[in-house]
Amino acid sequence: RLVEVGQIVRKGDVLMTLDPADLDAGLRAAEANLAAALAQAVQATAEEARQAKLLTDGWIAQARYDIAKAFADTAAEAVRAADEAARLARNARDYATLRAPSDGLVTAISAEAGQVMPQGQPVVTLVRPGPREALVAIPEGGIADLAEWQAQASIWSDGIEPTIATLRELGPQANAASRTHDARFTLTGPAAAAGLGATVIIDLSRSAGEPVAILPSTAVIFSDGAPVVWRVTPPGDRVEAVPVEVVRLGPDQAYLRGLTAGDRIVTLGVHRLDGDLPVRIVEDVTGGAG
């Protein structure tokens with residue numbers, strides 16, 4: 001083992017090596033098998049040529065030549081198989097030296113000198129340089145329109161000004177224990193140079209634009225496949241169907257665009273209304289009788 005946790009390495013640096021004794025022996029055996037297969041192929045090819053000349057001159061039967069031809073073909077295939085085996089042995093020998101695939105920082109070591117490791121077992125964790133990411137747990141109720149929010153990141157320990165963060169990935173499956181989804185935000189500016197494991201604060205805010213009305217979901221009805229709500233028209237004796245844009249539709253609340261402040265919207269019994277039906281608004285009066 002040639003590296004320590006926290007060490008910065010460059011691309012091509014040797015990180016760990018396997019004991020090459022067995023691998024060298026395997027490579028020598030594979031190369032010897034290849035040499036033997038090549039020798040047999042040369043002999044079989046020469047024998048085929050001789051049998052072909054005898055067949056042409058009429059000294060042997062066709063069956064005798066066919067046997068020589070089969071031996072030559074088998075020897076050629078044996079050469080190809082031995083060559084592939086030797087190539088795999090050379091690759092295995094090269095894999096005995098683990099080199100850094102890129103510049104980076106060693107963050108974990110999972111093997112020590114003298115330890116026997118199975119194939120495919122990770123032995124070194126290397127973090128490549130580049131912009132940092134913040135991992136945030138998002139509740140199930142907040143993932144539907146997360147991409148529409150603006151995110152800003154700041155490092156809790158540095159007190160630097162927040163910088164823009166970009167949502168890169170939202171985990172599709174909720175954590176079994178917390179019922180939250182993992183969201184990864186790419187950091188920019190000073191936050192991108194934060195140390196590994198730093199605590200990051202992500203502030204989410206709505207982008208400026210048309211305001212969103214929050215109504216009970218029972219207010220929305222679909223007419224010809226398009227969402228509408230019933231709005232009471234002045235002076236309050238008729239209703240009209242108003243097309244809306246559904247930003248988010250939950251089991252209890254609907255987030256809608258297309259309405260203005262002061263609109264009076266029907267939220268119950270919307271399926272029994274039409275534009276020709278007269279209505280009367282009953283105000284909620286509290287207090288004792290006079």
Side-chain angles (χ1 to χ4, degrees), residues 1-131 133 168-169 171-173 182 184 186:
R1 178 165 73 84
L2 305 176
V3 292
E4 301 289 344
V5 173
Q7 182 176 337
I8 297 176
V9 298
R10 302 300 179 189
K11 182 178 180 179
D13 287 352
V14 178
L15 308 179
M16 288 189 176
T17 59
L18 295 175
D19 184 353
D22 292 342
L23 298 172
D24 288 340
L27 178 57
R28 289 192 297 269
E31 290 176 342
N33 289 336
L34 176 59
L38 286 170
Q40 291 178 357
V42 170
Q43 181 181 6
T45 301
E47 179 63 20
E48 179 195 3
R50 286 192 295 270
Q51 295 298 326
K53 180 67 170 57
L54 293 174
L55 177 66
T56 303
D57 294 341
W59 294 102
I60 62 171
Q62 179 68 40
R64 182 71 177 269
Y65 169 75
D66 290 342
I67 293 174
K69 180 67 167 58
F71 275 121
D73 292 342
T74 301
E77 292 298 328
V79 169
R80 280 190 282 270
D83 184 61
E84 288 296 321
R87 184 178 64 83
L88 292 175
R90 284 191 290 269
N91 289 343
R93 180 60 182 87
D94 291 340
Y95 296 154
T97 301
L98 180 62
R99 300 181 181 275
S102 66
D103 296 349
L105 175 68
V106 177
T107 59
I109 293 177
S110 308
E112 296 295 338
Q115 186 173 350
V116 177
M117 303 295 293
Q119 280 189 333
Q121 178 70 31
V123 292
V124 177
T125 302
L126 183 69
V127 176
R128 292 185 175 92
E133 288 186 346
R168 184 186 67 82
E169 179 184 283
Q173 185 174 359
D182 289 342
R184 299 180 182 275
T186 301

### Query
Looking only at heavy atoms, which two atoms of Ala78 and Ala37 are closest? And how far apart?
O-CB, 3.9 Å

### Message
Can you tell me how far apart CZ (Arg10) and CG (Asp103) are? Round to the nearest 0.5 Å.
### Response
5.0 Å

### Query
To the nearest 0.5 Å, what is the distance between CG (Leu15) and CG (Leu2)?
8.0 Å

### Task
Hey, could you give me the CG/CZ distance between Leu34 and Arg87, rounded to the nearest 0.5 Å?
12.5 Å

### Message
Atom CD of residue position Gln43 - does it have more than 12 heavy atoms of other residues, nucleotides or ligands inside 6.0 Å?
### Response
no

### Query
Take atom CG in Leu88; do more than 12 heavy atoms of anything else shown fall under 6.0 Å from it?
yes

### Task
Please report the closest heavy-atom contact between Ala96 and Leu23, naming both atoms and the distance.
CB-CD1, 3.4 Å

### Query
Does Met117 reach the side chain of Ser110, with side-chain heavy atoms less than 4.5 Å apart?
no

### Message
If you count heavy atoms of other groups shown closer than 6.0 angstrom to CZ of Arg168, is the number above 12?
### Response
yes

### Query
Does Lys69 come within less than 4.0 Å of Asp73, counting only side-chain N to carboxylate O?
yes

#### Entry: Shortest non-hydrogen contact from Ala100 toward Val9
CB-CG2, 4.0 Å

### Task
Please round to the nearest 0.5 Å and tell me the distance separating atom CD of Gln40 and atom OG1 of Thr74.
10.5 Å

### Message
Between Asp57 and Lys53, does any NZ, NE, NH1 or NH2 come within less than 4.0 Å of an OD or OE carboxylate oxygen?
### Response
yes

### Message
What I'd like to find out is whether the side chain of Gln62 reaches to under 4.5 Å of the side chain of Leu55, using heavy atoms alone.
### Response
yes

### Gln7 side chain vs Glu4 backbone, donor-acceptor pair below 3.5 Å
yes

### Query
More than 12 foreign heavy atoms under 6.0 Å from CG of Asp24: is that the case here?
yes

#### Entry: For Val106, the option from Ile8, Thr125, Leu126 that meets side-chain contact (heavy atoms from CB on, under 4.5 Å)
Leu126

### Query
Heavy-atom count around Tyr65 OH within 6.0 Å, excluding the residue itself: above 12?
yes

#### Entry: Test item: Arg1 side-chain N/O and Val3 main-chain N/O as donor-acceptor pair under 3.5 Å
yes

### Query
Has Gln173 got more than 12 heavy atoms of other residues, nucleotides or ligands less than 6.0 Å from its CD?
no

### Task
Mind checking the CG-CG spacing from Leu38 to Asn33? Nearest 0.5 Å is all I need.
11.0 Å

### Query
What are the two closest heavy atoms between Ala111 and Val123, and how far apart are they?
CB-CG1, 3.7 Å

### Task
Identify the two heavy atoms, one from Ala86 and one from Ala30, that lie closest to each other, and give their separation to 0.1 Å.
CA-CB, 3.7 Å

### Query
When rounded to the nearest 0.5 angstrom, what distance separates OG1 in Thr45 from CZ in Arg50?
10.5 Å

### Task
Can you see which heavy atom on Ala72 is nearest to which on Glu48, and at what distance?
CB-OE1, 3.4 Å

### Query
Among side-chain atoms of Gln51 and Glu47, is any donor-acceptor pair under 3.5 angstrom?
yes

